[in-house]
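Report on the following structure.
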Amino acid sequence: MAEGRAGVRVARTRAELAAALRALRGAGGLGLVPTMGYLHEGHLSLVDAARRRAERVVVSIFVNPLQFGPSEDLGRYPRDLDRDLALLEARGADLVFTPEVDAMYPEGDPIVRVGPGRLGEGLCGAFRPGHFEGVLTVVAKLFHLVEPDVAVFGAKDYQQGILVRRMARELDFPLEVELAPIVREPDGLAMSSRNAHLAGEDRARAASLYRGLSAAREAFRAGEPRASILGTLVRRTVEEVGGRIQYVELVDAETLALLERARAGAVLAVAAHVGPTRLIDNVTL
Ligand code: AMP
């Protein structure tokens with residue numbers, strides 16, 4: 001087992017992980033926070049949330065090739081392991097699992113995978129074929145390798161969180177999946193590793209997603225239930241600054257079914273390109 005430069009315990013192989021887990025597992029429970037690294041306060045808030053539910057917290061850092069499409073940003077996904085380890089050490093994580101691709105997939109790309117079914121058809125699933133299958137497959141493997149009592153995901157990737165929770169329930173993983181609130185920059189932009197790609201003016205433009213969502217939420221509070229009108233508010237706000245909307249959808253918080261009329265608890269979700277960078281965000285009405 002290795003120690004990161006910053007001192008937090010690091011496991012890079014399955015054997016190192018198993019040995020580290022033997023030392024960690026105890027009566028107080030084990031929490032898991034899966035990430036792709038290049039950590040920010042959003043990720044670190046999940047470490048805090050996991051710690052509230054479990055005595056020990058494992059964070060995985062793995063940029064999972066299976067969930068990237070051929071034209072997506074796998075090759076230029078931002079990485080800085082030393083910085084990540086220092087942040088996790090400071091935040092009190094107990095163990096970081098950071099496998100190489102062939103440690104995760106020793107037989108190559110898995111033939112048998114976990115599919116999202118119809119919950120993967122809408123929202124991001126419609127634009128990222130195979131994405132959620134890649135996510136669920138790696139998360140299922142992490143659940144088996146770590147055997148946590150609770151796993152914490154961020155509400156920023158809302159469809160992902162619902163799918164993981166559903167997978168755990170329907171496929172009998174003995175753990176709880178918690179969804180933690182979105183952490184934002186001061187101007188409202190949802191924190192994301194991909195924000196590092198926002199160059200020049202695009203950084204300020206990126207805040208339009210949350211501005212639009214907030215305007216729609218205000219309109220809902222003021223009595224406007226029509227999804228078409230709420231969606232137009234988001235679309236207009238993003239397009240005003242040159243962003244390109246991929247989708248704006250109002251969905252049921254659990255089933256992700258499309259809604260024509262908003263109700264309290266429904267989720268308004270958006271995906272848009274700002275410059276070359278694809279961003280997602282959502283609010284609960
Ligand atoms: P990623 O590294 O982008 O795969 O994200 C790892 C986990 O962090 C996922 O559960 C994300 O939903 C969560 N996450 C990412 N950004 C945020 C944020 N701004 N607020 C809360 N959770 C987040």
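Taking CG of D80 as the reference point, atom CG of L85 lies at 9.0 Å (rounded to 0.5 Å). Rounded to the nearest 0.5 Å, atoms CG (D48) and CD (E41) are 7.0 Å apart. Atom CZ of R263 and atom CG of L250 lie 8.5 Å apart (nearest 0.5 Å). In this structure, L136 CG and R113 CZ are separated by 12.0 Å, a value rounded to the nearest 0.5 Å. If you take CD on Q67 and CD on E72, they are separated by 9.0 Å, rounding to the nearest 0.5 Å. Taking CD1 from I162 and CD from E254, the interatomic distance works out to 4.5 Å, rounded to the nearest 0.5 Å.
Minimum interatomic distance between V234 and G212 (heavy atoms only, all atoms of both residues): CG2-O, 3.6 Å.
Annotation: side chain of D157 is not in contact with side chain of V135 (no heavy-atom distance under 4.5 Å). Using a 4.5 Å cut-off on side-chain heavy atoms (C-beta onward), L46 and R91 make no contact. For the pair P110/T137, a side-chain contact is recorded, criterion being any heavy-atom separation below 4.5 Å from C-beta on. Proximity of L189 to L198: side-chain heavy atoms (C-beta onward) are separated by under 4.5 Å at one or more points. Side-chain contact between R14 and L145 is present, with at least one heavy-atom pair separated by less than 4.5 Å.
F97 pairs in a side-chain contact (heavy atoms from CB on, under 4.5 Å) with only one of the listed residues (L142, T13, L32), which is L142.
Open room surrounds CZ on R118; 12 or fewer heavy atoms of other groups in view lie less than 6.0 Å from it. Within a 6.0 Å radius of CD in E201, no more than 12 heavy atoms belonging to other residues, nucleotides or ligands are found.
H43 contributes a side-chain N or O that, together with a main-chain N or O of H40, makes up a donor-acceptor pair within less than 3.5 Å. In this structure, D187 contributes its side chain and A204 its backbone to no donor-acceptor pair below 3.5 Å. One N or O on the side chain of Q159 and one on the backbone of C124 form a donor-acceptor pair closer than 3.5 Å. With R166 contributing its side chain and L119 its backbone, the two residues share no donor-acceptor pair below 3.5 Å. Formation of a donor-acceptor pair under 3.5 Å by the D252 side chain with backbone atoms of L259 is not found in this model. Side chain of D94 to main chain of V57: a donor-acceptor pair is present (N/O by atom type, distance under 3.5 Å, no hydrogens or angles). In this structure, D281 contributes its side chain and A269 its backbone to no donor-acceptor pair below 3.5 Å. Within the 3.5 Å criterion, the main-chain N or O of L279 finds no donor-acceptor partner in the side chain of R194. A donor-acceptor pair under 3.5 Å is formed between the side chain of N195 and the backbone N or O of A190. When atom types are taken as modelled, the side chain of T284 and the backbone of G265 share no donor-acceptor pair closer than 3.5 angstrom.
Linking ILVMFWY residues whenever their side-chain heavy atoms come closer than 4.5 Å, directly or via other members, leaves V267 and V238 in distinct clusters.
Electrostatic pairing of E239 and R235 counts as a salt bridge here, judged by a charged N lying under 4.0 Å from a carboxylate O.
With a 6.0 Å cutoff to the six-membered ring centre and a 45° limit on the axis angle, R83 counts as a cation-pi contact of Y38.
Ring planes of F127 and Y247: parallel class, angle under 30° (limits at 30 and 60°).
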